[in-house]
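Just so you know, residue 1 is the first one in the sequence shown, and it goes up from there.
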Amino acid sequence: MSTQWGQDPYGPSSERYDPYGSSASADPYGNAEQHEAADPYGTADRHGTADPYGAADPHGAPQRGAGVQDPYASVPSGLSQGSYAAPGYAVTVQPAPPSSGLGIAGFVVGLLGLTLCGTLVSPVGLVLSIPGMRETSPTATPPKGGRGLTITGLILSIIGTVALLLIIAYFVVMFVIAGVAAGSGY
């Protein structure tokens, strides 16, 4: 096929080059009749919709109406709809205990002390978290919930208070060094 300037090499042409040397009508995989004649599994269905095992359900479950009851149609006596207890046993669900207000307040103040207030309110979070720990202990009467928040508030408050003490100690040491340097004449 010769191309010249100005001609589209992909445009319509009467001569086409076939790199495989076969005609366009030949099927490289054979025709459909050959495949149907040489079916190794013996199914005459070309698309595989026939069930080779003879069951109507692919999972082998019996169909409704064939002597199988719907397990969800009726509830056995003694159980209400949505109950998860075995027949003859009652389900007792206890409500969660109320959360400790001091523990939650200690968590909030401890978090604020580390993030927004530059550790200035962390000792207040420590003061709130310690009684919150007493309220949420397993031996408290009545025990309150929110133990995880209380422990987190206590840890955040301790970290903030230690950071505040280190900052205060740094400034005290700097003022002492500045006072000694000013008094000695340097």
Side-chain angles (χ1 to χ4, degrees), residues 10 41 47-49 51-53 55-186:
Y10 303 108
Y41 300 108
H47 304 289
T49 55
D51 188 9
Y53 302 107
D57 187 10
H59 303 289
Q63 299 296 317
R64 292 202 187 275
V68 177
Q69 293 181 351
D70 184 10
Y72 304 108
S74 64
V75 178
S77 62
L79 292 179
S80 63
Q81 188 72 25
S83 176
Y84 297 106
Y89 293 96
V91 176
T92 56
V93 178
Q94 296 179 354
S99 295
S100 169
L102 289 173
I104 294 173
F107 169 73
V108 170
V109 172
L111 187 63
L112 286 175
L114 279 182
T115 57
L116 299 176
C117 300
T119 70
L120 292 176
V121 295
S122 292
V124 175
L126 193 60
V127 169
L128 291 171
S129 293
I130 291 173
M133 287 293 289
R134 289 190 191 114
E135 282 185 350
T136 59
S137 73
T139 59
T141 43
K144 290 190 175 181
R147 181 108 172 134
L149 285 175
T150 306
I151 292 172
T152 306
L154 182 67
I155 292 170
L156 291 174
S157 298
I158 289 173
I159 292 170
T161 303
V162 168
L164 180 64
L165 291 175
L166 289 175
I167 291 170
I168 290 173
Y170 173 77
F171 282 115
V172 167
V173 169
M174 288 296 125
F175 284 132
V176 168
I177 291 174
V180 170
S184 65
Y186 287 111

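- The shortest heavy-atom contact between Ser99 and Ile104 is CB-CD1, 3.8 Å.
- Scanning all heavy atoms of the two residues, the minimum distance from Ser122 to Gly160 falls at OG-CA, 3.3 Å.
- Heavy-atom minimum distance, Arg134 versus Ala140: O-CB, 3.5 Å.
- For the atom pair CG of Leu164 and CG of Leu114, the computed distance is 11.0 Å after rounding to the nearest 0.5 Å.
- Nearest heavy-atom pair across Pro97 and Pro143 is CB-O, 3.5 Å.
- Across every non-hydrogen atom of Gly153 and Ser129, the tightest pair is C-OG, 3.4 Å.
- In this view, Ile151 and Met133, Arg147, Ile155 satisfy the side chain to side chain contact (heavy atoms under 4.5 Å, CB included) rule, not counting sequence neighbours.
- Phe107 pairs in a side-chain contact (heavy atoms from CB on, under 4.5 Å) with only one of the listed residues (Leu156, Leu154, Thr150, Leu102), which is Leu156.
- Residues that satisfy the side chain to side chain contact (heavy atoms under 4.5 Å, CB included) test with Val127, not counting sequence neighbours, are absent from this structure.
- The OG atom of Ser157 lies 9.0 Å from the CD1 atom of Ile130; values are rounded to the nearest 0.5 Å.
- Closest of all the heavy-atom pairs between Thr115 and Leu111 is OG1-O, 2.8 Å.
- At a threshold of 4.5 Å between non-hydrogen side-chain atoms, the residues Thr161 and Thr119 do not count as touching.
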